[in-house]
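Just so we're on the same page: letters track the sequence lines, and every chain starts at 1. Every heavy atom of this structure was used, including side-chain atoms; hydrogens, water molecules and symmetry mates were not. Not measured: the values here are computed from a predicted model.
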Amino acid sequence: MQTLMRTLVQGLVLMVLFLVTWKGLSRVEWRTLLRLEEISRETESRLGENLDRFLQKMEPEFQAPEAREVLDSLVFHLASGSGLEAGDYHLHLVKSPQINAFALPGSQIVVYSALMTEAESPEMLAGVLAHEMAHIRLGHVKKKLVKEVGLAMVLSASGNATPQVLQVILKHLSSTAFDRNLESEADEMALEMLQKAGIDPRPTGLFFQKIARSQTGSELIPDWLSTHPESADRARLFLQARGGDRKSLMSPEKWEAVRKALP
Amino acid sequence: MLPANESEAEKASNGYLMSLVALMVGLPLPIVNLLATLVFYLGNRRSAFFVRWHCTQALLSQMLLFPLNSLGFWWTISIVFGSRLADDSFIAYLITLFLFNLLEFVTTLRSAIVTRKGKHVEWWFIGGLTHLVCKP
């Protein structure tokens with residue numbers, strides 16, 4: 001009996017020792033110490049470069065200087081309002097009938113031309129851009145990729161990636177949603193970015209509402225909507241926010257001209 | 001408790017060596033170490049008490065480490081091929097696992113040497129467990 005009690009106590013002590021050692025070591029910021037974040041950023045950057053090259057081949061950029069200027073201008077306003085460098089973001093304008101925009105590794109944002117055509121004002125487009133910029137700032141793109149395709153594939157794609165692997169990654173990023181928490185985080189940051197840039201966030205809410213209403217019919221669901229669910233709820237966040245101080249980003253006539261120049 | 005002869009001392013020592021040799025193969029696969037000591041234990045079930053006792057101690061040490069090592073292994077797999085991220089808690093677990101495995105390795109090596117010389121050695125906690133499990 002004595003042996004049993006002694007053995008049990010010793011076992012308990014060993015278990016506690018293991019747990020205390022583990023929990024104690026968990027307090028150390030190993031990822032920072034081992035520079036894993038830096039390695040992670042390098043991996044993401046290389047993956048971004050590979051995807052950029054792949055995208056240029058598969059969906060060449062659409063040459064529309066006025067539309068491009070508008071996009072660059074919006075990103076500039078959003079970035080500078082939040083103390084960021086606009087040059088850190090790389091935009092791709094792609095000719096497509098899909099109403100979609102998505103973020104890629106390496107701080108890249110792809111905007112399909114139909115999204116610009118659908119937006120009735122530049123403020124609406126600014127909201128979508130702010131949302132994608134927020135995903136990039138919050139590190140959601142990498143998290144989503146690792147979660148959906150696995151770390152092994154991400155690492156493989158950042159090296160000598162095959163077109164098939166890059167295709168899979170592109171498909172995941174362009175056609176599947178982030179989880180609800182990440183979308184909420186991105187919305188909140190996007191709202192903050194819009195307000196800091198002096199851009200009225202309410203048109204973004206109207207844009208979400210407009211697209212949400214189109215869901216009720218048998219029309220094709222815009223891809224940006226299908227990958228960003230619960231737009232009606234999210235519209236409320238922007239509609240109830242205070243407006244920006246800046247005057248309209250562009251005259252309605254000029255915006256119409258930009259839209260008409262798009263396919 | 002002492003071995004009756006040289007042969008018993010050698011067999012008892014080999015029980016510990018089984019887990020050390022399998023370590024090279026078993027490093028990424030926790031089950032290999034456990035299987036190696038289990039096979040040796042089963043092969044010596046009818047041996048002298050000294051041999052049985054030390055084979056049991058070697059086996060029990062692997063049985064205790066097995067779930068901890070398995071957790072580390074599958075956690076790593078879920079990070080590499082699945083959706084988890086390698087956070088500070090994961091790295092801390094691997095370090096803790098390494099430290100305990102290192103302790104076990106050193107203790108096993110020492111036990112292999114000591115029993116080969118015909119001396120008895122009892123591990124903390126596992127020695128007590130072995131006494132409860134293995135009877136003359």
Side-chain angles (χ1 to χ4, degrees), chain A residues 1-41 43-44 138-158 172 176 178-179 181-182, chain B residues 1 28 30 53 56-57 60-104 106-107 120-136:
Chain A
M1 190 63 181
Q2 213 175 4
T3 308
L4 177 64
M5 286 311 297
R6 190 177 66 232
T7 305
L8 282 173
V9 168
Q10 287 174 347
L12 205 63
V13 168
L14 260 182
M15 193 167 64
V16 167
L17 185 64
F18 185 90
L19 290 171
V20 164
T21 307
W22 177 21
K23 288 305 163 192
L25 287 172
S26 293
R27 288 173 177 273
V28 178
E29 291 180 359
W30 294 106
R31 289 187 61 86
T32 308
L33 207 65
L34 299 171
R35 299 172 64 190
L36 290 181
E37 294 295 346
E38 281 180 38
I39 295 165
S40 179
R41 272 195 290 274
T43 302
E44 191 180 345
L138 292 165
H140 290 171
V141 180
K142 192 179 66 203
K143 267 187 203 166
K144 180 185 175 187
L145 261 186
V146 169
K147 186 177 177 184
E148 292 189 6
V149 306
L151 180 62
M153 192 179 261
V154 170
L155 289 174
S156 159
S158 68
H172 272 277
T176 61
F178 291 87
D179 69 41
N181 287 338
L182 298 187
Chain B
M1 190 198 312
W53 198 95
T56 306
Q57 183 165 250
L60 286 174
S61 72
Q62 290 302 315
M63 283 173 74
L64 283 165
L65 272 180
F66 176 69
L68 299 174
N69 287 339
S70 295
L71 177 60
F73 176 76
W74 289 112
W75 197 345
T76 306
I77 291 291
S78 74
I79 286 169
V80 174
F81 297 108
S83 60
R84 288 179 179 273
L85 293 174
D87 55 11
D88 292 334
S89 178
F90 168 71
I91 297 169
Y93 186 82
L94 285 190
I95 295 170
T96 310
L97 208 58
F98 172 76
L99 290 172
F100 274 69
N101 273 277
L102 183 65
L103 178 66
E104 193 267 342
V106 168
T107 313
H120 179 65
V121 60
E122 277 186 32
W123 295 14
W124 203 70
F125 171 58
I126 297 175
L129 261 186
T130 310
H131 273 306
L132 293 168
V133 168
C134 188
K135 303 296 179 192

J.: Using a 6.0 Å cut-off, check whether atom CH2 of B:Trp124 has over 12 heavy atoms from anything other than its own residue.
T.: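 Count over threshold, so yes.
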J.: Give the minimum heavy-atom separation between B:Leu129 and A:Thr7, together with the two atoms involved.
T.: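 Between these two residues, the closest heavy atoms are N-CG2, 3.6 Å.
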J.: Distance check, rounded to the nearest 0.5 Å: B:Leu64 atom CG versus A:Phe18 atom CZ?
T.: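 If we round to the nearest 0.5 Å, B:Leu64:CG and A:Phe18:CZ are 11.5 Å apart.
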J.: Could you state the interatomic distance from CH2 (B:Trp123) to CD (A:Gln10), rounded to the nearest 0.5 Å?
T.: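 B:Trp123 atom CH2 to A:Gln10 atom CD measures 14.0 Å (nearest 0.5 Å).
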J.: What part of B:Leu68 gets closer than 4.5 Å to chain A, counting heavy atoms only: side chain, backbone, both or neither?
T.: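 Looking at B:Leu68, just its side chain touches chain A.
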J.: For the backbone of B:Ala86 and the side chain of A:Arg31, can you confirm whether one donor and one acceptor N or O come within less than 3.5 Å of each other?
T.: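 Side chain of A:Arg31 to backbone of B:Ala86: a pair is present.
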J.: Enter the distance from A:Glu29:CD to B:Asp87:CG here, rounded to the nearest 0.5 Å.
T.: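 Here the rounded value is 12.5 Å.
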J.: Would you say the side-chain atoms of B:Asp88 pair up with the backbone N or O of A:Trp30, donor to acceptor, closer than 3.5 Å?
T.: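 Checked: pair present.
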J.: In sequence, state the C-alpha distance, the side-chain angles, and the governing distance for A:Leu25 and B:Tyr93, and then conclude on side-chain contact (heavy atoms from CB on, under 4.5 Å).
T.: CA-CA 8 Å; A:Leu25 287 172; B:Tyr93 186 82; over 6 Å; no
J.: Test of understanding: with side chain to side chain contact (heavy atoms under 4.5 Å, CB included), list the residues that count as partners of B:Leu103, not counting sequence neighbours.
T.: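 Partners of B:Leu103 under the side chain to side chain contact (heavy atoms under 4.5 Å, CB included) test: B:Thr107.
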J.: Given a strict heavy-atom distance threshold of 4.5 Å, which part of A:Leu17 is in contact with chain B: side chain, backbone, both, or neither?
T.: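 Contact with chain B: backbone and side chain both.
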J.: How far does CG of B:Leu94 sit from CH2 of A:Trp22, to the nearest 0.5 angstrom?
T.: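 Nearest 0.5 Å value for the CG-CH2 distance: 10.5 Å.
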J.: Select one option (side chain, backbone, both, neither) describing which atoms of B:Phe100 are under 4.5 Å from chain A's heavy atoms.
T.: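 For B:Phe100, side-chain heavy atoms alone lie under 4.5 Å from chain A.
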J.: Measure across B:Ser89 and A:Ser26 and return the closest heavy-atom pair with its distance rounded to 0.1 Å.
T.: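 For B:Ser89 and A:Ser26, the tightest heavy-atom pair comes out as CA-OG, 3.8 Å.
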